[in-house]
Every structure is written in structure tokens, then in C-alpha cells.
Amino acid sequence: MSETERDMLIVDNQQCPVCAKESATFTEFEIEDAFAGPIAIFTIRCNDCGFRNSDLEFLEPGQPAEYSVDIESKEDLRIRVIKSGECEIKIPNFRISVDSTMNSEGFISNVEGVIVKFQKQIESLKDGEEDKAKRKTLKNLLKGIQQVLDGEKKITMKMIDKSGNSAIVSDKVTVKKLRAKKK
């Protein structure tokens, strides 16, 4: 289905969850992912304060699971990642994670895209850090991340999603089923 053929629900002038002004636009549409099947995409954007968020949900419900994949080469950086807003991503080698808070976004990317997101967040932290020791720690972390992106360092990436709306799509992935999320 092409983007122009896609059914899209757009609701304007909604209350923004951040600034409370009625200047937010909610959008919902479906895509067909070649690896995961049909996925609903939800977005909110506030024209006043600039808040934005997105999430996704499998139309054919998945199972709550923990995904783990070893990134051992530049080729592994192309492994497909589907992350819901309720998913936590961890890179234990670097002791870094993105949790599943309310502001956590859903997205479809690849391992490289996820690592670059971490890289940008850490660069932002480093730039604002005044403590020299913490700044050095962040600088070393960025060096390690760059080594992964260059294919010189091996890491493990984990995704934990109790909603069942996330996946790492690869023959290399290990999947551990979790208990279903209580409603």
C-alpha cells in the first residue's frame, strides 16, 4: 500500500498533554511491514509547544518477550528493530538503556539507528556536563559506541516488551517469552 493510498485518521485541535492548549494533531494510520505484518502507527504533534510523540502496535498481537541479539559486525547493524513505546532497550556492555516511560517513542529502524539514537543522547549529555570525570566517562562511552558503528566492537542489544508490540527481526535473535501484561 503506498503512502497516498493509506487510510489515515487525522484529528486536529486536540488538547496537548504537555501545554494543555488545543493545538495538537493526532494521527493514526496502518502500514504493512514486510517482516512483522500490519502495524498501526499513532502520532501526536503540538503546533504550539512542539511536543511530539509516536507509538506503534501490531494489528496481530504479539507475545510479551525479551529479545537479545549479539552485534558482531557492521552487517549486524542492519538488523530490523520494531520498538513500541512500552519497550525498554538495553545495551548491557555499556550499561545504558532507554526505558518505557510515557514519553518513550515507538519506531521502526535498525540496530544502527538505535545505536545512533543512544549516541546523540550521550553527546547531548556530554556537552552539558560540567564535571570533568563524568564528561570523560561520557567521552569514553561515545568512543565505544563509535567502535560498534565501525564494526570494531561487539555488543549485545536487548529489548524487553511486556506489551508484545516490539521485535528484533533476525535469525540471530534469542527470544525469551515473558508473562503477559496485566490489564
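This is a predicted model, so every value here is computed, not measured. In what follows, residues are counted from 1 in the order of the sequence shown. Below, each value reflects all heavy atoms present in this structure, side chains not excepted, and no hydrogens, waters or symmetry copies.
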Any donor-acceptor pair under 3.5 Å linking the side chain of Asp7 with the backbone of Glu30?
-> no
If only atom types and distance count, is the side chain of Ser84 paired as donor or acceptor with the main-chain N or O of Leu56 below 3.5 Å?
-> no
Under 4.5 Å between any side-chain heavy atoms of Tyr67 and Thr174, yes or no?
-> no
Determine which pairs satisfy salt bridge (charged side-chain N to carboxylate O under 4.0 Å, His left out) with at least one residue from residues 64-77, sequence neighbours left out, and list them in order.
-> Glu66-Lys158, Glu72-Lys172, Glu75-Arg78, Asp76-Lys172
What heavy-atom pair brings Met159 and Ser166 nearest, and what distance separates the two atoms?
-> CE-CB, 3.7 Å
Return each pair, listed once, that meets side-chain hydrogen bond (donor to acceptor under 3.5 Å, both in side chains) where at least one residue sits in residues 110-119; pairs must be two or more places apart or across chains.
-> Gln119-Gln146
For Ser163 and Glu86, which heavy atoms make the closest approach, and how far apart are they?
-> CB-OE1, 3.6 Å
Can you name the closest pair of heavy atoms from Thr156 and Ser68 and give their distance?
-> CG2-OG, 3.4 Å
Taking all heavy atoms of Ala167 and all of Phe58, pick out the closest pair and write down the distance.
-> CB-CZ, 4.3 Å
Side chains of residues 38-52: which donor-acceptor pairs under 3.5 Å do they make with residues two or more places apart or in other chains?
unit_1	atom_1	unit_2	atom_2	d
Asp48	OD2	Lys21	NZ	3.0
Arg52	NH1	Glu105	OE1	3.4
Arg52	NH1	Glu105	OE2	3.1

Partner set under side-chain contact (heavy atoms from CB on, under 4.5 Å) for Ile10, not counting sequence neighbours = Met8, Asp12, Thr25, Thr27
Closest approach of Val173 to Ile168 (non-hydrogen atoms, all atoms of both residues) = CG1-O, 3.7 Å
For Asn140, the side-chain hydrogen bond (donor to acceptor under 3.5 Å, both in side chains) test, sequence neighbours excluded, returns none
Below 4.5 Å, heavy atoms only, C-beta onward: do Glu123 and Phe118 meet side chain to side chain?
-> no
Donor-acceptor contacts under 3.5 Å from residues 124-132 side chains, at least two apart:
unit_1	atom_1	unit_2	atom_2	d
Glu129	OE2	Asp131	N	3.0
Asp131	OD1	Ala133	N	3.0
Asp131	OD1	Lys134	N	2.8

Atom pair OG (Ser170) and CD1 (Ile71), whose distance is rounded to the nearest 0.5 Å = 7.5 Å
Are any non-hydrogen side-chain atoms of Ile115 and Val148 less than 4.5 angstrom apart?
-> yes
Kindly determine whether Val111 and Val81 satisfy side chain to side chain contact (heavy atoms under 4.5 Å, CB included), including the steps that lead there.
-> CA-CA 6 Å; Val111 170; Val81 174; 4.0 Å; yes
Is the shortest side-chain N to carboxylate O distance from Lys83 to Asp161 below 4.0 Å?
-> no
Do Val114 and Phe107 touch side chain to side chain, with heavy atoms closer than 4.5 Å?
-> yes
Heavy-atom check, side chain of Ile96 versus side chain of Leu141, under 4.5 Å | yes
Any side-chain heavy atom of Asp33 sitting closer than 4.5 Å to one from Val169?
-> no
